[in-house]
Amino acid sequence: MPHKSLTLGEFIIEKQGDFPYANGELSRLINSIRLAAKVVNHEVNKAGLVDITGAAGETNVQGEAQQKLDVFANKTFINSLINREIVCGIASEENDEFITIKGQNKDHSNKYVLLMDPLDGSSNIDVNISVGTIFSIYRRVTPVGTPVSMEDFLQPGNLQVAAGYIIYGTSTILVYTTGNGVNGFSLSPALGTYYLSHPEMTFPEDGHIYSVNEGHYLQFPQGIKNYIKYCQEEKEDRPYTSRYLGSLVSDIHRNMIRGGVYMYSSSSKLPDGKLRLLYECNPIAFIAEQAGGAASDGYKRILDIKPTELHQRIPFICGSKNMVKKVEDFMSKS
Ligand code: AHM
Ligand code: MG
């Protein structure tokens, strides 16, 4: 077993003391996510064997067709969190409005809100490419004892207390941070246990991979076009390698291990880009920074942006620190 066989459960207990005001609530919350992720993993693995792939026949708030597994993952995470009564509210890519949850004493006494994309990259399910769950956790800003309100969800990313992602891929891995570095845990399919397999993950400061949907090239702002040309130039350590799965967590995970930059910028067709600030960009940006990487909208730090809407979109450039800086240089020059 990897890394002295330390399990995620043991790791969570070991780290609980790192939080000055911890009463175990955040630990129980992460516990609940890891359990729900096991259920989703089981279902994702069965795709193709049972009638679970394909569209569910409904569209979500953003007008996108919901896949059956999207709906399943959404319900699984929400039910797991509601049953354990450990958050006061949940916002999901798949729900128009946030959900209010009462605590154990039916008194809105829980402290944390959770925002998530329950199954990101779900258009990849039918073709057997890795998909993922992304989550972001904040302490509520409204008083304990009252129902949550929109302001509990519209907090800048720099106030996140924890964030993570799960990749359902060649192996299933849960990566998360509570603001003290980033650790990854691989799920043993035989034992159903997550083991610490990627301790203290770090983004290389430089990299040789750029990840972008180049089909949108003609619609990109000039700064992004110029950066792509820079990546392709025959100079020094270039041309870089192009790798793009169209599954955010997988593209970010690979780039964090190998060194690279992911870009979903604005375009003439999508002026705000595609990715959602609250439950896609902010959690990934928090993880990237905790691992020594960076995340920007092309001009400024993602984590400093004050959100205005639950399903707000934002251009997203994330990866190795020096590569993100280079993209920003190209953006400001053009
Ligand atoms: P989704 O939340 O609808 O699955 O969309 C998000 C996904 C990301 O995982 C991925 O990086 C991006 O959309 C790919 O978009 P495109 O197909 O336009 O390149
Ligand atoms: Mg998504």
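First listed ligand is number 1; within each ligand, the first listed atom is number 1. Please read these numbers as outputs of a predicted model, since none were measured by experiment.
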Heavy atoms only: which of Glu280, Lys274, Arg276, Lys269 is nearest to atom 17 (O) of ligand 1? Lys274
Closest by any non-hydrogen atom to atom 18 (O) of ligand 1: pick that one out of Tyr279, Tyr264, Tyr244. Tyr264
Under 4.0 Å from a heavy atom of [X]: which atoms of ligand 1 are those, numbered in the order shown and with their elements?
{"X": "Gly246", "value": "9 (O), 10 (C), 11 (O), 14 (C)"}
{"X": "Glu93", "value": "1 (P), 2 (O), 3 (O)"}
{"X": "Tyr262", "value": "10 (C), 11 (O)"}
{"X": "Leu248", "value": "8 (C), 9 (O), 10 (C), 11 (O)"}
{"X": "Ser122", "value": "4 (O)"}
{"X": "Asp117", "value": "2 (O)"}

Could you measure the distance from the OH atom of Tyr165 to the CD1 atom of Ile173? Nearest 0.5 Å is fine. 6.5 Å
Transitively linked via ILVMFWY side-chain contacts under 4.5 Å: Ile166 with Leu114? yes
Quick check on the hydrophobic clustering: are Leu303 and Met263 connected, directly or via other members, by side-chain heavy-atom contacts under 4.5 Å? no
Look only at interatomic distance and state if Gly121 has a nitrogen or oxygen under 3.5 Å from any nitrogen or oxygen of ligand 1.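 Yes; the residue has a nitrogen or oxygen that sits under 3.5 Å from a nitrogen or oxygen of the ligand.
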Within reach of ligand 1, part of Asn213 (heavy-atom separation under 4.0 Å): side chain
Under-4.0 Å heavy-atom contact with ligand 1, by part of Asp251 that carries it: neither
Assess whether a salt bridge exists between Asp329 and Lys326, defined as any Lys/Arg side-chain N lying under 4.0 Å from an Asp/Glu carboxylate O.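 No.
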Under 4.0 Å between a side-chain nitrogen and a carboxylate oxygen: does that hold for Lys46 and Glu43?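 Result for this pair is yes, salt bridge flagged.
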So, the side chain of Glu93 versus the backbone of Asp117: is there a donor-acceptor pair under 3.5 Å, distance only?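 The answer is no, because no donor-acceptor pair under 3.5 Å joins these two groups.
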Does the Ser320 side chain pair with the main chain of Met323, one donor and one acceptor, at a distance under 3.5 Å? no
Measure from the ring center of [X] to the ring center of [Y] and say whether it is less than 6.0 Å.
{"X": "Phe98", "Y": "Phe153", "result": "yes"}
{"X": "Tyr230", "Y": "Phe330", "result": "yes"}
{"X": "His198", "Y": "Phe185", "result": "no"}

Environment of the Mg ion (ligand 2) in terms of protein N/O/S atoms, cut-off under 2.8 Å: Glu93 OE1, Asp117 OD2, Asp120 OD1, Glu280 OE2
Lys274 NZ/CZ over Phe316 ring centroid, <6.0 Å and within 45° of normal: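 No.
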